[in-house]
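Contents: one structure, followed by commentary.
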Amino acid sequence: MSTYAVVDPYTGQTVQEFAALTDDQLEAKVARADETYRTWGRTTSPAERGALLGRVAALYAERREELARIISREMGKPVEQAGLEVDFASAIYDYYSRNAETFLSDEPVALEWGEGTAVVRRTPVGVLLGVMPWNYPYYQVARFAAPNLMAGNTIVLKHAAQCPESSAAMEQIFLDAGLPAGAYENLYATYAQVDRLIADPRIQGVSVTGSEGVGAHVAEIAGRNLKKVVLELGGNDPFIVLSTDDLDATVEAALGVRFYDNAGQMCCGAKRFVVIDSLYDEFVEKMTGALAELTPGDPSKAETALGPLSSVGAAEFLEDQVNRVVAGGAKVLAGGSRDGAAYAPTVLADIDRANDAAREELFGPVASLYRVSSEAEAVSVANDSPFGLGSYVFTTDQAQAQRVAAALDAGMVFVNIVGAEEPGLPFGGTKRSGFGRELGPFAVDEFVNRKLIRIGG
Ligand SMILES: NC(=O)C1=CN([C@@H]2O[C@H](COP(=O)(O)OP(=O)(O)OC[C@H]3O[C@@H](n4cnc5c(N)ncnc54)[C@H](OP(=O)(O)O)[C@@H]3O)[C@@H](O)[C@H]2O)C=CC1
Ligand SMILES: CCCCCC(=O)O
């Protein structure tokens, strides 16, 4: 269990430490969340809760610069990108604010037999536990908190230990927006306290975004206690290039979704580049050429496009992974070096499909290249992964796009586009990337009681 502390990955400076909760402090927060579920979540209307989420959205917008600076220092995100993350979080709260009454209106069900009416009413279930990661500190919480506060659930949230300042700022925004104490409680909790929370009868469900190991650990305890979980875990997303009218634009898209965004610390970021023979050499030349100009910089500077990784430990872990892929026979076409928490943009090629290290998620600015001779081989390589989060397909042939989209084992398929996530589009994966969906209308159904109300004629 790491200490809750702000450790600037760019300077290595420990800026501030925060004490973990005592068991009594934790109990007080959970009891308050349970009480607020009963006195607020079950008694207010979707319109009232939706209006509060609108205030939350507005406060993210008002506090944009301060919030961006906080996470840039906590996890090294370039401050410009941090501002865009704040914008995305605000948009998620706004989306559920605007759709509260629609998503929570009674859903009529047609009767096959008998007289009268039948509706499904989505009612809250109680206190939910969230366990969230450092890579998008505001966005990851928003996609869990927004639909569930809209539904009338209350939340206790264990954020990453390296995000204590942003997690406190989020709790404060909910209070300043007018939500009652207990609607959202930030927990500087230990792992042992989280284990006990999952089993606590007041906790009705758990949402985890993070690694497979944490997902499995939480889901195991939740399973023993008959608690539902949503797991948003890792990914090793393929970026398939079969044809293009503009290779420069396709390479730019690949650079964006592997290197520019969050230094590649993005679960649904493309990580494996599966390129058709006829385009491969030019694709590689353009990618490696562009990376020669991209060096990790100071995330607090507006002009910085590539920051450090979230910590020295994360960079060392990535360095070890790359070394094992190379030990398995891969070639380093660019990068491959580390300086503290900064990892150089790296391109790996000649990766044998038996290279087990290459099947791991490389959570940083490392592109793994695969050369293929056909659509069928591209799909085979793409699906040869324990993960199934997102995927990208670039082709000028729409029929081919549909065939490949249908064939890919992934929760999301993006065709000729990157960075297309929106508050209204479902996010989630299959296989070892987890289960459940966040964002859009599907997120509403994860932790509500879809109550049938059948009234006789
Ligand atoms: N699908 C998605 O959207 C995302 C998936 N991920 C995946 O997560 C990994 C990187 O993120 P990272 O933060 O290192 O992931 P971790 O799984 O290590 O951490 C995620 C969260 O789980 C907590 N945690 C870790 N161990 C325990 C435990 N035993 N009991 C309770 N909570 C625990 C962490 O707390 P603490 O910080 O105190 O250890 C953190 O809050 C990568 O594999 C990445 O693919 C990351 C982001 C998004
Ligand atoms: C803006 C999209 C962020 C995705 C979060 C992730 O995949 O880690």
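As the structure is a prediction and not an experimental result, all values here were calculated from the model. Positions are given from 1 along the sequence. Both counts, for ligands and for their atoms, begin at 1 and track the order of listing. Just so it is clear, the values below take in all heavy atoms, side chains as well, and ignore hydrogens, waters and symmetry mates.
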Check ion pair [X]-[Y] (N to O, under 4.0 angstrom):
X: Glu220; Y: Arg224; value: yes
X: Lys228; Y: Glu446; value: yes
X: Arg196; Y: Asp200; value: no
X: Glu35; Y: Arg202; value: no
X: Arg272; Y: Asp384; value: no

Spacing of CG belonging to Leu408 relative to OG belonging to Ser391, to within rounding of 0.5 Å =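 With rounding to 0.5 Å, CG (Leu408) is 4.5 Å from OG (Ser391).
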Please work out which of [options] has its closest non-hydrogen atom nearest to [atom].
atom: atom 8 (O) of ligand 2; options: Gly234, Gly269, Cys267; value: Cys267
atom: atom 38 (O) of ligand 1; options: Glu438, Met266, His217, Lys158; value: Lys158
atom: atom 2 (C) of ligand 2; options: Glu422, Glu438, Met266; value: Met266

Indicate yes or no: does an N/O atom of [X] lie under 3.5 Å from an N/O atom of ligand 1?
X: Leu389; answer: no
X: Gln162; answer: no
X: Trp134; answer: yes
X: Glu361; answer: yes
X: Thr209; answer: no
X: Val214; answer: no
X: Asn135; answer: no

On the 0 to 90° scale, with breaks at 30° and 60°, tag the Phe283-Phe239 ring pair as parallel, tilted or perpendicular.
->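 Tilted, since the angle between the ring planes falls between 30° and 60°.
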On the 0 to 90° scale, with breaks at 30° and 60°, tag the Tyr60-Tyr138 ring pair as parallel, tilted or perpendicular.
->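 Aromatic pair Tyr60/Tyr138 classed perpendicular.
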What part of Cys267, side chain from CB on, backbone N/CA/C/O, both or neither, has a heavy atom under 4.0 Å from ligand 1?
->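 It is the side chain that gets close, since no backbone atom is under 4.0 Å.
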Backbone or side chain, does any N or O of Gln265 fall under 3.5 Å from an N or O of ligand 2?
-> no
Out of all atoms in ligand 1, which are within 4.0 Å of some heavy atom of [X]? Include the element for each.
X: Leu233; answer: 1 (N), 2 (C), 4 (C), 5 (C)
X: His159; answer: 41 (O)
X: Gly234; answer: 45 (O)
X: Gln140; answer: 3 (O), 47 (C), 48 (C)

Only residue of Val7, Thr11, Asp8 satisfying side-chain contact (heavy atoms from CB on, under 4.5 Å) with Arg73 is Asp8
Please say whether the positively charged group of Lys158, taken as NZ for Lys or CZ for Arg, lies over the ring of Tyr191, i.e. under 6.0 angstrom from the six-membered ring centre and within 45 degrees of the axis.
->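 Relative to the ring axis of Tyr191, which defines the angle, Lys158 lies outside at least one limit.
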Distance under 6.0 Å and angle within 45° of the ring axis: does Arg143 meet both against Phe427?
->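 Yes, a cation-pi geometry.
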For ligand 2, which atoms, with element, lie under 4.0 Å from some heavy atom of [X]?
X: Asn135; result: 6 (C), 8 (O)
X: Cys268; result: 4 (C), 6 (C), 7 (O)
X: Phe427; result: 7 (O)
X: Phe88; result: 1 (C)

Check the side chains of Ser300 and Asp298 for a donor-acceptor pair under 3.5 angstrom, ignoring hydrogens and angles.
-> yes
Can Glu232 be said to touch ligand 2, with heavy atoms closer than 4.0 Å?
-> no
Note the single closest protein heavy atom to atom 3 (C) of ligand 2, along with its residue, its atom name and the distance in Å.
-> Tyr139 CE2, 3.6 Å
Considering only heavy atoms from C-beta outward, does the side chain of Asp248 approach that of Lys286 to under 4.5 Å?
-> yes
Quick one: are His217 and Ile221 in side-chain contact, heavy atoms under 4.5 Å?
->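 Yes, side chains in contact.
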Quick one: does Arg143 get within less than 4.0 Å of ligand 1, heavy atoms only?
->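 Per 4.0 Å heavy-atom rule, Arg143 contacts ligand 1.
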Which is it for Glu85 and ligand 2 at heavy atoms under 4.0 Å: side chain, backbone, both or neither?
-> neither
